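Reviewing the structure listed below.
Just so you know, these numbers come straight off a predicted model, no measurement behind them. Quick note on labels: first sequence line is chain A, next is B, and so on, each numbered from 1.
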Protein chains: 2
Amino acid sequence: MRADAKKNYDRLLSVARDVVTEHGADASLRDVARKADVGLGTLYRHFPTREALIEALLRTEVDGLTAQAAGLEESSEPKEALLTWLRGSVAITHEYRGVTGLLMAALEDSESALHASCVALHDTGTRLLDHAQAAGVARTDIDGTDLFALVAALAWVYDQPSLALRADHLFDVISGSVLPGQETARSA
Amino acid sequence: MRADAKKNYDRLLSVARDVVTEHGADASLRDVARKADVGLGTLYRHFPTREALIEALLRTEVDGLTAQAAGLEESSEPKEALLTWLRGSVAITHEYRGVTGLLMAALEDSESALHASCVALHDTGTRLLDHAQAAGVARTDIDGTDLFALVAALAWVYDQPSLALRADHLFDVISGSVLPGQETARSA
DNA sequence: ACCTGAACACCGTTCAAGT
DNA sequence: ACCTGAACACCGTTCAAGT
């Protein structure tokens, strides 16, 4: 990548992080280009689709979570590992308002720029769920895709401003349903 | 209402039902007016906001569900009553793709045209939940607003095309968590 | 190679002008 | 009273023209 191209790419990503944080996943791409002092065509050259831009915003976090999960599999109890992953997974998918729908759609759309990240989340969750089920701490009538859907639904809940105060409680309700037993006690 | 106005109103509503069914809650209002052979200003006169239009589309069903719930309170077991209401409630809120977010936002926005319908759903659900809790068949650590949020989250799940095949299963998972069955006969 | 911005086809919303 | 559609300020997306 040429030096000036890299500069534009970085600037676009940095501006996009702010704009998408403020306006959500359907923020104006024109606005991003404008604030980055870059032609509209330049944005489209670097990020051919909205998904490509969102993907670039999420990649670091998704990769980090995937890496963390590998460690969790070895160092933690299956239940605690899954719970930790659930928390991180929900946190990432609702980091930017409105990405949840995009992520859900991308799970089955191999053309989507978000597809790889989705599959990574899905597969990691599936593995941790399998372990928890084998250990007898997770209900066995759901699979990895069900778990992914519950994560997405929870992320959607966190996206709703009017539910901000009870989102953590609803997380406990749903995660407690996946991992029955004593209350999940996620508060510190 | 003048006769010609009523004709336009009815035509708009009928066209809107088709267009919103096809394109979801963020369908083009211009498109609705065009297909109804009505000026754009006429649409805005009858439905000053998008919420007002959606509200007109949902009103009949919401009222029907509220009326049905009154009957359920008397004729059914508290558990079955709540379960029936949950099913109906989810069905209504995902009848048109994407209304779930609007409904959730309208719960706390008394200016929204959807506010009354939201409150009706919320309050009916709360009453049925209270009864079920009093009868000892529903968990007692959630309130009516939590229930409303779970209904909305489920409706969101039903809205996702990629989850169509497992939405019913996820409904069972979550409703089973609200109304625990025999498998939760365990020490607390 | 890469960047730019005009051009096109859409929106939502308002409001003067008509009947 | 009610209806109309132009007008305004926005979009997303493409692509010829520039460096």
- Message: The criterion is side-chain contact (heavy atoms from CB on, under 4.5 Å); which residues satisfy it with D10(A), sequence neighbours excluded?
- Response: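 Partners of D10(A) under the side-chain contact (heavy atoms from CB on, under 4.5 Å) test: K6(A).
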
- Residues forming a salt bridge (charged side-chain N to carboxylate O under 4.0 Å, His left out) with E95(A), sequence neighbours excluded: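 Result, salt bridge (charged side-chain N to carboxylate O under 4.0 Å, His left out) vs E95(A): none returned.
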
- Got a sec, which residues hit salt bridge (charged side-chain N to carboxylate O under 4.0 Å, His left out) with D130(B), two or more places apart in sequence or on another chain?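 Testing D130(B) for salt bridge (charged side-chain N to carboxylate O under 4.0 Å, His left out), a comparison that skips the adjacent residues, returns none.
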
- Task: Test R59(A) against S117(A) for side-chain hydrogen bond (donor to acceptor under 3.5 Å, both in side chains), laying out the working first.
- Result: CA-CA 7 Å; R59(A) 174 175 283 294; S117(A) 292; 5.4 Å; no

- Any donor-acceptor N or O pair under 3.5 Å, side chains H94(B), T100(B):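 Note: H94(B) and T100(B) side chains miss the donor-acceptor criterion.
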
- Could you give the CD-to-C1' distance, from E51(B) to dT13(C), as a whole number of Å?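 In whole Å, dT13(C) C1' and E51(B) CD are 14 Å from each other.
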
- Query: Does the side chain of L53(A) come within less than 4.5 Å of L13(A)'s, by heavy atoms?
  - Reply: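 Yes; the side chains approach each other to less than 4.5 Å.
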
- Heavy-atom side-chain proximity of L129(B) to I142(B) below 4.5 angstrom: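 Touching, per the 4.5 Å side-chain cut-off.
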
- Sugar-phosphate means primed atoms, P, OP1 and OP2; the rest is base. With that split, encode nucleotides 1-11 of chain D 5' to 3' as B, S or - using protein heavy atoms under 4.0 Å. BBSBB-B---B

- Query: How does DNA chain C look in dot-bracket form if you count Watson-Crick and G-U pairs under 3.5 Å, write [ ] for pairs that cross, and put | where a base pairs with another strand?
  - Reply: ||.|||||...|||||.||

Donor-acceptor contacts under 3.5 Å from residues 24-39 of chain A side chains, at least two apart:
| unit_1 | atom_1 | unit_2 | atom_2 | d |
| --- | --- | --- | --- | --- |
| S28(A) | OG | R30(A) | N | 3.3 |
| S28(A) | OG | D31(A) | N | 3.0 |
| D31(A) | OD2 | K35(A) | NZ | 3.0 |

